[in-house]
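In what follows, a structure is listed as C-alpha cells, so that the remarks can point back to it.
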Amino acid sequence: MIDIKVLRNNPEKIKTNCIKRSVTHVDIDKLLEMDSHYLQLLNDVEGIRAKRNQLSKECQTNPEAREVVKGLKQELSDKEVTLSELKVQIEQQMSWLPNFLSSDVPEGNDDADNEELKIWGDKAVYDFDPLDHQELGEKLDIIDAKRGAKVAQSGFYFWKGKGAQLASALFFWAQQELVKKGFTLFIAPCAAKEKTLYGTGYLPFFADQTYQLENEDLALIGTSEQVMVAYHGDEILTAETLPLCYTANTPCFRTEAGSYGKETRGIFRVHQFQKVEQIVFCLPEESERYHEMCLENEEYLLQQLNIPYRVVNVCVGDLGAPGYKKYDVDAYFPGFGNYREVCSNTNLTDFQARRLGVRYQQNNGKKGIVHTISATAVTDRVVCAIMENFQEADGTIIVPNVLRPFTGFDCISPKSQ
RNA sequence: GGAGAGGUGGCCGAGUGGUCGAAGGCGCAGCAUUGGAAAUGCUGUGUACUCUUACGGGUACCGAGGGUUCGAAUCCCUCCCUCUCCGCCA
C-alpha cells in the first residue's frame with residue numbers, strides 16, 4: 001500500500017509510477033477528488049459529533065439539550081454512511097496502486113529485458129548429451145509425475161526414494177545454513193485467510209494464483225512469505241531487535257492459471273513445490289543492505305553446491321506490483337541448455353508492512369513502518385539443478401559434498417537390471 | 001462433534017448508563033538518590049485519523065457488526081475468535 005499522504009502531496013509521483021508500471025485502471029485524479037471529498041465530510045461529521053458530545057453533557061442539567069441532539073441525529077447518520085462508503089472506495093482504489101521503484105530497476109517488458117549483473121561458476125563440459133531432470137528423474141525412478149497426476153492432478157508429483165532423500169537433505173541443509181547465519185527457523189501454517197493474502201500484496205494482484213478452500217476464509221499459501229510477514233501484523237517491534245531474520249520451509253501451492261504451455265516440461269512449473277524462504281523485517285534505511293544480504297545467502301548456497309548461476313536485476317515489466325526491487329538468481333541447467341530461475345529476492349520496502357501494520361518503535365518513542373524482504377533460499381528447482389549439473393553418462397547423479405552428511409550416499413545410480 | 005468459560009491499553013487486571021481513554025499493578029522512559037548498581041521515591045508513558053505555521057484542539061477505538069438512549073466498555077441482538085473439559089483422531 002502506498003501512503004495516502006504521498007497521493008495528497010505529490011500526485012504526479014504516483015501518476016508517473018503508474019505509467020512506468022503499466023497500471024492504467026486507477027484514475028488518480030478521480031481518486032484525489034474522492035479523497036478531498038472524504039476529508040471535507042470527515043470534518044463535518046467530526047464537528048457534528050463534537051457538538052453532540054458537548055450537548056449530551058448538558059443534558060443532565062438542561063433537558064432542552066436533549067431535543068437539540070435528537071435533531072442532529074439524522075444529519076449525522078446520513079453523513080456517516082456516505083463517509084464510510086467513500087472510505088471503502090478509496091481504500092479499494094489505493095490497494096491497486098503499485099509500490100514505487102528503486103531508481104536502478106531496468107526498463108523493460110519481460111524477463112528478456114532483465115539486466116545480467118553477474119555470472120558465477122564453470123559450466124561442466126560433457127562428452128555426452130546431458131539429459132534434463134525429467135528424463136533423469138524417470139531413468140533413476142526418483143520423480144513420479146504420472147502418479148502425481150493420478151492421485152491429485154497434472155502438475156503434482158512425487159519425489160521417490162533417493163530423490164526424496166536428496167531433496168530432504170537439500171532443504172534441511174539450507175535451513176541449517178541460514179540458522180548459522182542468524183535466521184530463526186519456523187514451521188508455519190500452510191493456509192492463510194484473505195486478510196493475510198491482502199496484507200502481503202498477493203491480493204488483489206495475484207488473485208487467480210491461489211487455491212481457495214471451499215466454505216472457508218482460507219487459501220493454501222503460495223509461499224511462506226504470506227504467513228511469515230503477516231506473523232508480525234498489527235505489532236510494534238522494538239527497533240533494537242531489528243533486523244528479524246526468519247526462515248521457513250513449507251510447501252507452496254499455485255494454480256498457475258494461464259501458464260500452461262510455458263516451461264511445463266519436467267517439474268519446473270508445478271502446483272505444489274517445497275521452498276525454504278528468507279524473510280527479513282528491518283528499519284527502512286537498512287532494507288537495501290539486507291536485500292543484498294539475502295542475495296549473498298542465495299549465492300553462498302549455490303556456491304557451496306557448486307552450481308553455476310547468474311544474477312539478474314529484474315526489469316519493471318517482470319517485477320510484481322508490490323516489489324521495489326528484485327534480484328533473480330538463475331541456475332544453469334545443462335539438460336535444458338540455459339539458465340533458469342531458482343531464486344527470487346524482493347525488497348518490498350514498506351508496501352506489505354503498511355498494509356499489515358508492522359511497525360517499529362525507537363527508544364525515543366519515534367515510530368515508523370518497517371521494511372520487509374522476501375527471498376528464496378532453495379526450492380525443488382535446486383534439486384533439479386543438482387540433477388542436471390552433476391549427471392554422468394549413464395544417468396548417475398553425483399551428490400554435492402555438502403549434502404552427503406544428510407543423504408548418507410554419494411550418488412544416485414540407475415538400477416542395474 | 002458435545003458442554004462450559006472468556007475476549008478491556010505493551011502485558012496483567014478493575015470497571016454494570018454520564019465525572020471512563022478507561023483504577024491498580026507490571027513493564028518502559030526521565031529525574032532524584034548512589035562511588036557505581038540494586039532497592040526506593042517522584043514524574044511521564046495507548047493507537048489511528050484529522051484540524052492548526054506552531055502551542056494545541058477535535059473525532060474514533062474496551063473482539064466485530066447492528067440496536068436501545070440525549071449519552072454505551074457497561075443494556076439488547078447477531079457474528080467472530082480464544083481457552084477449558086468430554087468424545088474422536090494424527
Side-chain angles (χ1 to χ4, degrees), chain A residues 1-11 31-95 97 151 187-199 212-220 227 230-242 244 250-251 281 283 350-370:
Chain A
M1 186 75 84
I2 297 299
D3 188 347
I4 196 161
K5 281 174 188 153
V6 177
L7 177 77
R8 287 170 191 162
N9 300 331
N10 194 355
L31 188 52
L32 264 171
E33 208 175 287
M34 278 162 67
D35 182 56
S36 69
H37 185 193
Y38 169 80
L39 287 180
Q40 177 61 50
L41 200 55
L42 181 66
N43 234 305
D44 290 356
V45 166
E46 291 193 346
I48 297 169
R49 283 176 184 160
K51 204 161 151 193
R52 177 198 61 191
N53 292 347
Q54 184 55 41
L55 286 167
S56 290
K57 281 179 193 161
E58 292 174 20
C59 279
Q60 287 169 97
T61 50
N62 174 16
E64 284 167 31
R66 217 166 274 200
E67 298 310 311
V68 182
V69 178
K70 275 185 185 171
L72 291 175
K73 276 185 120 176
Q74 191 57 47
E75 187 191 2
L76 182 61
S77 84
D78 287 350
K79 288 194 170 178
E80 279 174 338
V81 169
T82 315
L83 187 70
S84 69
E85 284 170 357
L86 252 180
K87 192 177 177 191
V88 168
Q89 286 171 24
I90 290 167
E91 271 170 9
Q92 203 180 9
Q93 292 292 300
M94 289 296 295
S95 78
L97 293 179
V151 304
I187 295 177
C190 295
K193 59 176 68 172
E194 186 183 341
K195 192 180 161 196
T196 302
L197 299 189
Y198 175 84
Q212 185 68 39
L213 301 192
E214 217 173 328
N215 300 323
E216 297 271 4
D217 177 19
L218 278 179
L220 298 178
V227 286
Y231 181 81
H232 284 302
D234 293 318
E235 292 182 21
I236 299 176
L237 307 172
T238 307
E240 298 95 276
T241 64
L242 300 175
L244 295 172
T250 67
F281 297 85
L283 295 172
D350 61 3
F351 193 85
Q352 297 178 322
R354 176 171 292 108
R355 288 182 179 223
L356 286 164
V358 188
R359 289 171 295 159
Y360 66 88
Q361 180 166 28
Q362 285 168 330
N363 225 348
N364 59 14
K366 205 187 145 205
K367 293 183 189 68
I369 295 173
V370 303

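What you see below is based on every heavy atom in this structure, not just the backbone, and it leaves out hydrogens, waters and symmetry mates. It should be emphasised that the depicted structure is a prediction, and the values quoted were computed from it without experimental measurement. First the proteins, then the strands, lettered A, B, ... as listed; each starts at 1.
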Euclidean distance for [atom1], [N] against [M] (whole angstrom):
{"N": "B:A14", "M": "B:G71", "atom1": "C1'", "value": "23 Å"}
{"N": "B:G56", "M": "B:U69", "atom1": "C1'", "value": "33 Å"}
{"N": "B:G9", "M": "B:G65", "atom1": "P", "value": "15 Å"}
{"N": "B:G46", "M": "B:U34", "atom1": "C1'", "value": "34 Å"}
{"N": "B:C12", "M": "B:G63", "atom1": "P", "value": "13 Å"}
{"N": "B:G58", "M": "B:G10", "atom1": "C1'", "value": "26 Å"}
{"N": "B:A64", "M": "B:C81", "atom1": "C1'", "value": "10 Å"}
{"N": "B:U45", "M": "B:U53", "atom1": "P", "value": "26 Å"}

Going by purine N1 to pyrimidine N3 plus the second Watson-Crick contact, or the G-U wobble pair, all under 3.5 Å, which nucleotide sits opposite [N]?
{"N": "B:C28", "result": "B:G44"}
{"N": "B:G17", "result": "none"}
{"N": "B:C49", "result": "B:G58"}
{"N": "B:U33", "result": "none"}
{"N": "B:U69", "result": "none"}
{"N": "B:C81", "result": "B:G6"}
{"N": "B:A38", "result": "none"}
{"N": "B:G1", "result": "B:C86"}

Which distance, rounded to the nearest 0.5 Å, do you find between the NE2 of A:H37 and the CD1 of A:I90? 9.5 Å

Between CZ on residue A:F281 and OG1 on residue A:T241, distance to nearest 0.5 Å: 10.5 Å

Applying a 4.0 Å non-hydrogen cut-off, can you work out what A:L72 is touching in the nucleic acid: base, sugar-phosphate, or nothing?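 Contact class for A:L72: none.
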
Roughly, in whole Å, what's the span from [atom1] in [X] to [atom2] in [N]?
{"X": "A:Y38", "N": "B:U59", "atom1": "OH", "atom2": "C1'", "value": "11 Å"}
{"X": "A:D44", "N": "B:U50", "atom1": "CG", "atom2": "P", "value": "15 Å"}
{"X": "A:I236", "N": "B:U45", "atom1": "CD1", "atom2": "P", "value": "16 Å"}
{"X": "A:L42", "N": "B:A60", "atom1": "CG", "atom2": "P", "value": "11 Å"}
{"X": "A:E240", "N": "B:G10", "atom1": "CD", "atom2": "P", "value": "18 Å"}
{"X": "A:N43", "N": "B:U59", "atom1": "CG", "atom2": "C1'", "value": "10 Å"}
{"X": "A:Q361", "N": "B:U47", "atom1": "CD", "atom2": "P", "value": "7 Å"}
{"X": "A:I90", "N": "B:C49", "atom1": "CD1", "atom2": "C1'", "value": "13 Å"}

Looking at every non-hydrogen atom in both residues, tell me the closest pair between A:L31 and A:L7 and how far apart they are. CG-CD2, 3.9 Å

Quick check on A:E64: does its CD atom have over 12 non-hydrogen neighbours (other residues, nucleotides or ligands) under 6.0 Å away?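 Incorrect, the count does not exceed 12.
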
Is the number of heavy atoms from other residues, nucleotides or ligands under 6.0 Å of A:E85 CD greater than 12? yes

Exam field: side chain [X] to backbone [Y], donor-acceptor pair closer than 3.5 Å:
{"X": "A:R355", "Y": "A:Y198", "answer": "yes"}
{"X": "A:R8", "Y": "A:D35", "answer": "no"}
{"X": "A:Q212", "Y": "A:L218", "answer": "yes"}

Can you check each nucleotide of nucleotides 63-83 of chain B against protein heavy atoms at under 4.0 Å and return B for base, S for sugar-phosphate only, - for none, in 5' to 3' order? ------BBS------------

Starting at the 5' end of RNA chain B, which residue's closest nucleotide do you reach first, A:K367 or A:Q54?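 It is A:K367 whose nearest nucleotide is closer to the 5' end.
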
Compare the minimum distances between each of B:U59, B:C49, B:U47 and the side chain of A:A50, then state the nucleotide with the smallest one. B:U59

Closest nucleotide among B:A60, B:U47, B:U50 to the A:K5 side chain: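 Nearest nucleotide to the side chain: B:U50.
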
Between the side chains of A:E75 and A:R52, is the shortest nitrogen-to-carboxylate-oxygen separation below 4.0 Å, so that they form an ion pair? no

